[in-house]
Asker: 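Input: one structure, supplied below.
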Amino acid sequence: MSNSEIARVLQETADLLELTGGNPHRARAFSRAARSLGNLQDSAVDRLGDGTLTDVSGIGEAMADHVAEIAGDGSFDLHDELLSSVPPGLMDVMQVKGLGTKRTRRLWIELDVTSLDDLEQAAKNDQVTTLDGFGAKTQQNILENVRQLRRYNERWRLAEAWAATEPFLQDLRTEGAVERAEFTGALRRHRETVEYAEVLAATEQPNAVQDWARARLKDPTARNSSSQIEGTLEEGVPVRLHLISPGQFGTAWWRTTGSPAHCTAFEDTCGAPAPHAREEGVFAEANLPVIPPELREDRGEFDLAGDSPPALLTQEDLHGCLHNHSTYSDGSNSLREMAEAAQDRGFSYFGICDHSQSLRIAEGLSPEEVQRQRAEVDRLNEDFAEKDPQFRVFHGIESDILRDGSLDYDTDVLDTFDFVVASIHTGFNMTEEEATQRLVRAVENPYTRILGHPTGRLLLQREGYPVDHARVIDACAEHGVALELNANPYRLDLDWRWIRRATSQGALVSINPDAHAAQKIDYLRWGVAVGRKGWLTPDQCLNAKSLEDFTQWLDEEGP
DNA sequence: GCCGTTTTCGGCCCGACTGTTTTCAGTCG
């Protein structure tokens with residue numbers, strides 16, 4: 001059982017304790033343990049084995065026992081007891097933005113709200129405002145946020161859908177009746193969120209594959225006679241499996257990959273493609289270069305005509321890994337561990353960008369801590385210079401952009417960093433004009449080198465602040481500031497739809513993992529996936545620069 | 001339930017923001 005699965009049970013226990021009126025400090029202990037486990041490098045189960053789990057901060061003897069029990073059978077006594085004492089739908093109610101454990105509990109006890117449907121009905125019937133402390137505005141927000149939650153619940157983040165579907169695809173490939181199987185649909189196009197996963201399999205025996213899928217999926221349903229079967233993976237991700245004879249695989253792969261807009265535009269000019277075994281045949285027949293699947297959105301990919309498509313960025317093109325956190329702020333690995341993890345992955349430079357002083361919750365660095373960290377970066381670089389002169393650590397900071405658009409340190413502190421990533425973390429409730437001005441002012445600051453997660457969105461969790469992307473991008477281009485494409489699968493922000501605007505203006509895009517733990521450096525994969533979707537090429541990507549070129553970029557464009 | 005200690009209990013991340021109040025509770029990051 002993975003750390004994150006164990007952490008989920010512990011976090012749910014924390015919520016249940018508060019919902020049922022338990023000791024809030026005890027609840028927080030569960031919450032803290034869950035977070036510790038989520039960020040833990042090595043396997044909690046392994047640590048149970050060698051008795052070192054209690055060395056992890058926030059995990060004592062009792063918590064370690066709970067973890068052992070969860071690792072064994074997926075849950076533990078306290079969790080089961082609490083879960084059976086609340087209505088099953090109540091956990092959904094608590095997912096509504098603005099409803100924490102306290103308000104959810106009152107809605108449950110005082111209005112008998114036990115599901116999203118109940119909540120929506122109570123708000124529509126004007127019952128919510130009858131509770132002390134709940135006004136008209138709160139009731140209105142509840143209605144809107146229930147609708148938003150329902151929309152979110154219908155979709156899956158790219159990385160989650162991919163991870164859930166991959167084992168299914170691997171197993172499918174080992175099936176005797178299957179000649180070939182591939183991802184297709186929105187997943188293959190690297191959409192940031194998808195409604196369902198799609199897989200295409202080539203087979204001469206569709207019925208045998210259907211039987212296999214029926215046994216493998218929850219709630220399987222056949223569609224279009226025997227050419228499609230739908231069902232749900234264990235993780236809850238809906239999957240649609242298309243079956244096609246090997247001779248027609250290529251054309252079917254093209255069509256199921258979509259997007260519908262791409263296929264329609266294709267057929268309007270080139271006609272419907274004949275059956276092909278290989279997808280290349282579809283494009284050859286139309287005298288088109290093979291258009292990479294990520295680009296098939298009818299957003300200019302046909303303008304390529306006879307030209308070969310752009311050589312899109314690959315993970316191998318990345319030489320640097322900028323914007324990472326350490327235990328100096330809210331990361332879970334030391335600066336040295338983080339740098340070494342980057343080195344192990346073959347990067348030639350690493351940027352440490354812990355949080356700045358005003359972000360207290362994330363233990364943002366005081367000017368004194370900045371100085372201390374600078375000294376450690378210098379020591380690390382001396383060490384690396386001996387062992388691996390081709391590797392270097394850069395001292396950066398993720399500086400908060402304050403409400404007025406200024407950065408979070410005086411210039412004498414800002415002067416000591418190798419580079420500054422400027423990001424907004426507070427005060428999201430802005431008009432588009434306010435947000436845009438705040439960002440543009442930060443971009444105009446000569447110390448800013450990268451604009452961090454430009455909209456602050458969390459996919460399927462929170463809309464970002466509204467931003468006039470064009471103005472912000474143009475300001476970045478003008479001031480030599482790179483735009484971050486934050487590779488955290490919950491962010492993928494800059495949105496891919498704006499990447500071509502940025503690159504066409506000459507602004508660089510920096511694909512940053514925003515890693516709060518060593519293994520999360522691997523988030524870069526999703527940043528690359530979405531960067532490709534925005535037509536990003538290596539020369540347009542800041543951290544695809546060599547160590548030498550990156551150093552030069554810092555020197556040339558710096559304050 | 002964890003942790004640290006002036007060590008076996010007492011306190012527990014902290015400030016901003018929102019919507020409700022009329023001084024604050026709840027939520028969020």
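Model, not experiment: these values are computed from the prediction. First the proteins, then the strands, lettered A, B, ... as listed; each starts at 1.
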Asker: Counting only side-chain N and O atoms of A:Ser57, is one of them less than 4.0 Å from OP1 or OP2 of B:dC3?
Answerer: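 Looking at the OP1 and OP2 atoms of B:dC3, neither is under 4.0 Å from any side-chain N or O of A:Ser57.
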
Asker: Nearest nucleotide by nearest heavy atom, which residue falls closer to the 5' end of DNA chain B, A:Ser358 or A:Phe134?
Answerer: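 Between the two, 5'-proximity favours A:Ser358.
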
Asker: Can you tell me how far P in B:dA16 sits from the matching atom in B:dT22, rounded to whole Å?
Answerer: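 Those two atoms are separated by 24 Å.
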
Asker: For A:Phe428, answer base if it contacts any base atom (sugar-phosphate contacts may also be present), sugar-phosphate if it contacts only those atoms, and nothing otherwise; contact means non-hydrogen atoms under 4.0 Å.
Answerer: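 Nothing, no heavy atom under 4.0 Å.
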
Asker: Suppose you measure atom P in B:dG4 against the same atom in B:dC14; what distance do you get, rounded to whole Å?
Answerer: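 Here B:dG4 and B:dC14 have their P atoms 15 Å from each other.
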
Asker: Could you check whether any side-chain N or O of A:Arg191 sits under 3.5 Å from a backbone N or O of A:Ala186, counting only pairs where one atom can act as donor and the other as acceptor?
Answerer: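 Here the side-chain-to-backbone pair does not exist.
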
Asker: At under 4.0 Å between heavy atoms, what does A:Thr138 touch on the DNA or RNA strands: base, sugar-phosphate, or nothing?
Answerer: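 Counting heavy atoms under 4.0 Å across all strands, the contact made by A:Thr138 is with sugar-phosphate only.
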
Asker: I'd like to know if the side chain of A:Arg462 reaches the main chain of A:Gly456, judged simply by a donor and an acceptor atom lying under 3.5 Å from each other, with no hydrogens or angles considered.
Answerer: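 Indeed, once roles are kept as given, a pair shorter than 3.5 Å links the two residues.
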
Asker: I'd like the P distance from B:dT18 over to B:dC13, given in whole Å.
Answerer: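 Roughly 25 Å separates the two P atoms.
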
Asker: Can you measure A:Gln139 atom CD to B:dT18 atom P for me and round it to whole angstrom units?
Answerer: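 Result: 20 Å.
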
Asker: Rounded to the nearest angstrom, tell me the gap between atom CZ in A:Arg26 and atom P in B:dC9.
Answerer: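 A:Arg26 atom CZ is separated from B:dC9 atom P by 19 Å.
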
Asker: Choose from B:dT27, B:dG29, B:dC2 the nucleotide whose nearest atom is closest to any side-chain atom of A:Arg462.
Answerer: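 So the side chain of A:Arg462 is nearest to B:dG29.
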
Asker: Does A:Asn141 place a side-chain N or O at less than 4.0 Å from the phosphate oxygens OP1/OP2 of B:dG19?
Answerer: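 It does, given that an N or O in the side chain of A:Asn141 lies less than 4.0 Å from OP1 or OP2 of B:dG19.
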
Asker: If only side-chain N and O atoms of A:Arg32 are considered, is one of them under 4.0 Å from the OP1 or OP2 phosphate oxygen of B:dC12?
Answerer: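 The answer is no; no side-chain N or O of A:Arg32 sits under 4.0 Å from OP1 or OP2.
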
Asker: Which of these nucleotides, B:dG26, B:dC12, B:dC2, is closest to any side-chain atom of A:His25?
Answerer: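 From the listed options, B:dC12 comes nearest.
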
Asker: Return the value, rounded to whole Å, for the distance between atom CG of A:Leu53 and atom P of B:dG1.
Answerer: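 After rounding, the reported distance stands at 15 Å.
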
Asker: For nucleotides B:dC12 and B:dT5, find the distance between their C1' atoms and express it as a whole number of Å.
Answerer: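 About 14 Å, rounded to a whole number of Å.
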
Asker: Which one, B:dC28, B:dC12, B:dT27, comes nearest to the side chain of A:Arg103?
Answerer: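 Of all the options, the side chain of A:Arg103 is nearest to B:dT27.
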
Asker: Please state how far atom CD1 in A:Ile59 lies from atom C1' in B:dC12, giving the value in whole angstrom units.
Answerer: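 Roughly 17 Å, once rounded to whole Å.
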
Asker: How long is the line joining CG of A:Asp408 and P of B:dG15, in whole Å?
Answerer: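 Rounded to the whole Å, the gap is 14 Å.
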
Asker: Assign the ring pair A:His355 / A:His425 to parallel, tilted or perpendicular, where the plane angle (0 to 90°) is split at 30° and 60°.
Answerer: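 Perpendicular, since the angle between the ring planes exceeds 60°.
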
Asker: Say you pick atom P in B:dG29 and the same atom in B:dT23; how far apart are they, in whole Å?
Answerer: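 Result for the P pair: 29 Å, nearest Å.
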
Asker: NA contact type, A:Arg106, heavy-atom cut-off 4.0 Å: base, sugar-phosphate, or nothing?
Answerer: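 Result for A:Arg106 = nothing.
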
Asker: Need the pair for B:dG10. Rule: Watson-Crick or G-U wobble, both distances under 3.5 Å, any strand; none if unpaired.
Answerer: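 Answer to the pairing question: B:dC3, which forms a Watson-Crick or G-U pair with B:dG10.
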
Asker: Starting at the 5' end of DNA chain B, which residue's closest nucleotide do you reach first, A:Glu363 or A:Val96?
Answerer: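 Upstream on the strand: A:Glu363.
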
Asker: Using the P atoms only, state how far B:dT6 lies from B:dG1, rounded to an integer number of Å.
Answerer: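 Between the two P atoms, the distance is 26 Å.
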
Asker: Between the side chains of A:Arg374 and A:Asp418, is the shortest nitrogen-to-carboxylate-oxygen separation below 4.0 Å, so that they form an ion pair?
Answerer: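 Answer for the salt bridge query: yes.
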
Asker: Are A:Arg449 and A:Val421 packed together at the side-chain level, in the sense that at least one heavy-atom pair is separated by less than 4.5 angstrom?
Answerer: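 Not touching, per the 4.5 Å side-chain cut-off.
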
Asker: Without swapping roles, check the side chain of A:Glu337 against the backbone of A:Ser334 for a donor-acceptor pair under 3.5 Å.
Answerer: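 Such a contact is found between A:Glu337 side chain and A:Ser334 backbone.
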
Asker: Specify the separation, in whole Å, of atom CG of A:Asp132 and atom P of B:dC24.
Answerer: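 To the nearest whole Å, that distance equals 17 Å.
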
Asker: A:Ala64 near the nucleic acid: base, sugar-phosphate alone, or nothing, with a heavy-atom cut-off under 4.0 Å?
Answerer: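 No contact at all - A:Ala64 keeps every heavy atom at 4.0 Å or more from the nucleic acid.
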
Asker: Looking only at atom types and distance, does a side-chain atom of A:Arg457 sit under 3.5 Å from a main-chain N or O of A:Leu492, one as donor and one as acceptor?
Answerer: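 It does hold such a pair.
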
Asker: According to a strict under-4.0 Å criterion, is A:Arg35 in side-chain N/O contact with OP1 or OP2 of B:dC13?
Answerer: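 Indeed not, no polar side-chain atom of A:Arg35 lies that close.
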
Asker: What is the distance, rounded to the nearest whole Å, between atom CG of A:Asp55 and atom C1' of B:dC3?
Answerer: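 Computing the A:Asp55:CG to B:dC3:C1' distance gives 14 Å.
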
Asker: B:dG29 C1' sits how many Å from A:Arg28 CZ, rounded?
Answerer: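 Checked: the CZ to C1' distance equals 14 Å.
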
Asker: What interatomic distance, in whole Å, is found between P of B:dT20 and the corresponding atom of B:dG15?
Answerer: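 Their P atoms lie roughly 25 Å apart.
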
Asker: Which one, B:dC28, B:dT27, B:dG1, comes nearest to the side chain of A:Lys97?
Answerer: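 Between B:dC28, B:dT27, B:dG1, the one nearest the side chain of A:Lys97 would be B:dC28.
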
Asker: Would you tell me if any nitrogen or oxygen in the side chain of A:Arg403 comes within less than 4.0 Å of OP1 or OP2 on B:dC17?
Answerer: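 Answer yes for this pair, as a side-chain N or O of A:Arg403 is under 4.0 Å from OP1 or OP2.
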
Asker: Do any side-chain nitrogens or oxygens of A:Asn429 fall under 4.0 Å of OP1 or OP2 in B:dT18?
Answerer: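 For A:Asn429, the contact criterion (side-chain N or O under 4.0 Å from OP1 or OP2 of B:dT18) is met.
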
